[in-house]
Amino acid sequence: MGELAITGGRRVLAERDESLFHWPIVNDAMRAAQAAVLEAGNMSGTDIARKFESRFAAWQGSKYALSHNNGTNALNAAMYAVGLGPGDEIICTSVTYWASCTGALSLGASVVFCDIDPNTLQMDPKSFEERITPRTKAVMVVHYMAHPAPMDEIMAIADRHGIAVIEDVSHAQGGRYKGRRLGTFGRVAAMSLMSCKSFAIGEGGMLTTDDPEIFKRAVIFGHYDRIIDVCTDEEMKDVKNIPWGGLKNRMHQTSAAIGLEQLEKHDREIAEIDRAMKYFWSGISDVPGLSMIYPRDEGSDKAGWYASRFLYDPAAFRGVSNVTFSDALNAETGGDFSFGCNMPLHLSSVFFDVDIYGHGRPTARAFLPEGVDIRAESGSLPVADSINGRVLGEPWFKTCDPAKIDPYIEAVRKVAANFEELLPINDTTPVLGGVALSKRKR
Ligand SMILES: *Cc1c(COP(=O)(O)O)cnc(C)c1O
């Protein structure tokens with residue numbers, strides 16, 4: 001029997017306190033707003049959704065916002081809106097959630113993956129630039145796990161090559177890069193507002209832009225009842241009320257009503273989370289082998305700390321894997337630490353080999369010129385291939401209650417100090433994606 005709970009010792013935290021983590025935070029205003037939608041008899045209307053859009057746009061600092069029934073569809077509309085189509089390529093980081101780019105395939109486009117920076121987990125601008133071809137139409141920039149992507153470098157490259165920048169803000173609503181809100185850098189941004197994200201309204205998504213043409217295309221793509229708002233009488237003769245994408249992307253009004261209330265408290269909530277997470281780090285920042293991921297630029301932040309990860313160096317613990325280290329932490333605290341991040345998308349054959357639509361050849365190259373090797377364009381992505389073995393996820397504290405966070409600090413210090421107890425039980429199975437696999441049982 002050792003010191004560590006995983007080897008039979010006594011746990012640091014006898015019982016997990018759910019209140020520290022409960023999400024989303026629901027208040028009476030949200031309850032009332034939701035009930036009002038039910039009573040009003042207009043659940044499929046757009047009056048509340050439009051109000052939510054205009055307040056959301058003002059809050060973020062964008063001219064237009066268009067609500068969607070989920071983030072996936074908002075992102076797909078954004079890709080359509082910038083004109084991504086057959087034979088075009090979109091560059092996206094390999095390490096992200098599938099919805100960042102998979103919809104490109106439905107538009108007849110191909111996805112080329114680039115690598116991430118091993119210290120920030122964000123798009124590596126050099127890797128992005130290396131993958132540009134004459135067919136590159138757009139780049140999908142994910143502010144991954146709440147950290148801003150390096151927008152100065154990315155915008156400079158994209159402008160030089162005439163590439164449309166789309167921001168996926170699903171992990172960082174309200175975040176800032178050098179003082180400016182995320183989602184206001186590219187031609188268009190889209191994001192999830194689903195219930196596990198830090199801006200949680202149930203199921204929902206938002207598309208934002210300053211460009212009326214982008215807004216119009218997004219409406220025509222998937223908002224049949226609003227086409228009349230964006231088209232002239234002349235255009236309506238052809239368009240009628242038929243969404244060109246064959247899609248219906250309308251947000252449910254209860255989501256919009258909750259969203260209006262979330263806007264009232266979002267900045268406050270993310271500030272509280274930021275205090276809590278920084279308090280946690282103030283207690284462990286001197287532990288060798290563990291490093292916080294946080295932007296260094298003045299005016300940049302990590303809004304909401306959604307799915308936040310930190311760097312774990314197995315060499316500092318004689319090869320103890322992040323999986324074993326995470327298991328040891330969870331044995332002390334009853335959960336909330338995790339290992340790895342998203343499975344690298346370039347490992348999926350969906351983007352290279354699968355004939356999804358019956359074109360008689362892989363969908364990913366259905367419209368590319370003969371001889372283009374889409375897999376080779378992504379090439380080797382050494383950071384994406386190895387990052388899942390080198391990151392851990394922090395507990396996601398929603399309130400800054402030092403007395404309740406202290407046991408988590410103690411757990412980290414205890415496991416780090418006694419890591420040699422883990423050597424005999426070390427699990428070194430390669431990790432492909434912690435987010436997808438973190439619910440696995442040992
Ligand atoms: C959650 C998520 C999405 C998809 O949003 P949904 O609302 O679940 O459809 C897209 N991109 C990223 C990075 C996400 O994490």
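For the numbers below, each heavy atom of this structure counts, side chains included, while hydrogens, waters and symmetry mates do not. All ligand and atom numbering here is 1-based and tracks the order in the structure.
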Start with the C-alpha gap between His346 and Phe351, add the side-chain angles, then the distance that decides, and say whether ring pair (Phe, Tyr, Trp, His ring centres under 6.0 Å) holds.
-> CA-CA 7 Å; His346 76 276; Phe351 298 97; over 10 Å; no
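- The closest side-chain donor-acceptor pair between Ser170 and Lys197, if any, does not fall under 3.5 angstrom.
- Short contacts between ligand 1 and Gly71, defined as distances under 4.0 Å to a heavy atom of the residue, involve ligand atoms 5 (O), 6 (P), 7 (O), 9 (O).
- A side-chain donor from one of Thr324 and Ser321 sits under 3.5 Å from a side-chain acceptor of the other.
- In this structure, Ser100 has a heavy atom closer than 4.0 Å to ligand 1.
- Below 30°, between 30° and 60°, or above 60°: for His68 and His223 the angle between ring planes is above 60°, a perpendicular geometry.
- Exactly one residue among Ile157, Val139, Asp159 makes a side chain to side chain contact (heavy atoms under 4.5 Å, CB included) with Val165. That residue is Val139.
- The protein atom (non-hydrogen) at minimum distance from atom 8 (O) of ligand 1 is Met194 CG, 3.7 Å.
- In this model, a donor atom of one side chain and an acceptor atom of the other lie less than 3.5 Å apart for Glu167 and His143.
- Not a single heavy atom of Met191 sits under 4.0 Å from any atom of ligand 1.
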Check step by step if side-chain hydrogen bond (donor to acceptor under 3.5 Å, both in side chains) holds for Ser110 and Glu89.
-> CA-CA 5 Å; Ser110 309; Glu89 294 170 2; 5.7 Å; no
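- Under a 4.0 Å N-O distance rule, the pair Lys126/Glu129 does not qualify as a salt bridge.
- Close N/O approach between Thr72 and ligand 1 is found [any backbone or side-chain N/O within under 3.5 Å].
- Within the 4.0 Å heavy-atom criterion, neither part of Asn73 lies near ligand 1.
- Of all atoms in ligand 1, listed by their number and element, those nearer than 4.0 Å to a heavy atom of Ala99 are 3 (C), 4 (C), 10 (C).
- Of all protein heavy atoms, the one lying nearest to atom 14 (C) of ligand 1 is Lys197 NZ, 3.1 Å.
- Regarding atom 15 (O) of ligand 1, its nearest protein heavy-atom neighbour is His171 NE2, 2.6 Å.
- Of all protein heavy atoms, the one lying nearest to atom 11 (N) of ligand 1 is Asp168 OD2, 2.8 Å.
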Should Tyr224 and Arg250 be marked as a side-chain hydrogen bond (donor to acceptor under 3.5 Å, both in side chains) after you check the CA-CA gap, both sets of side-chain angles, and the distance that decides it?
-> CA-CA 9 Å; Tyr224 73 96; Arg250 187 166 64 212; 3.1 Å; yes
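- Protein heavy atom closest to atom 5 (O) of ligand 1, with residue, atom name and distance, is Ser192 CB, 3.0 Å.
- Each of the following atoms of ligand 1 lies closer than 4.0 Å to a heavy atom of Leu75: 10 (C), 11 (N).
- An N or O contact shorter than 3.5 Å is missing between Tyr97 and ligand 1 by distance.
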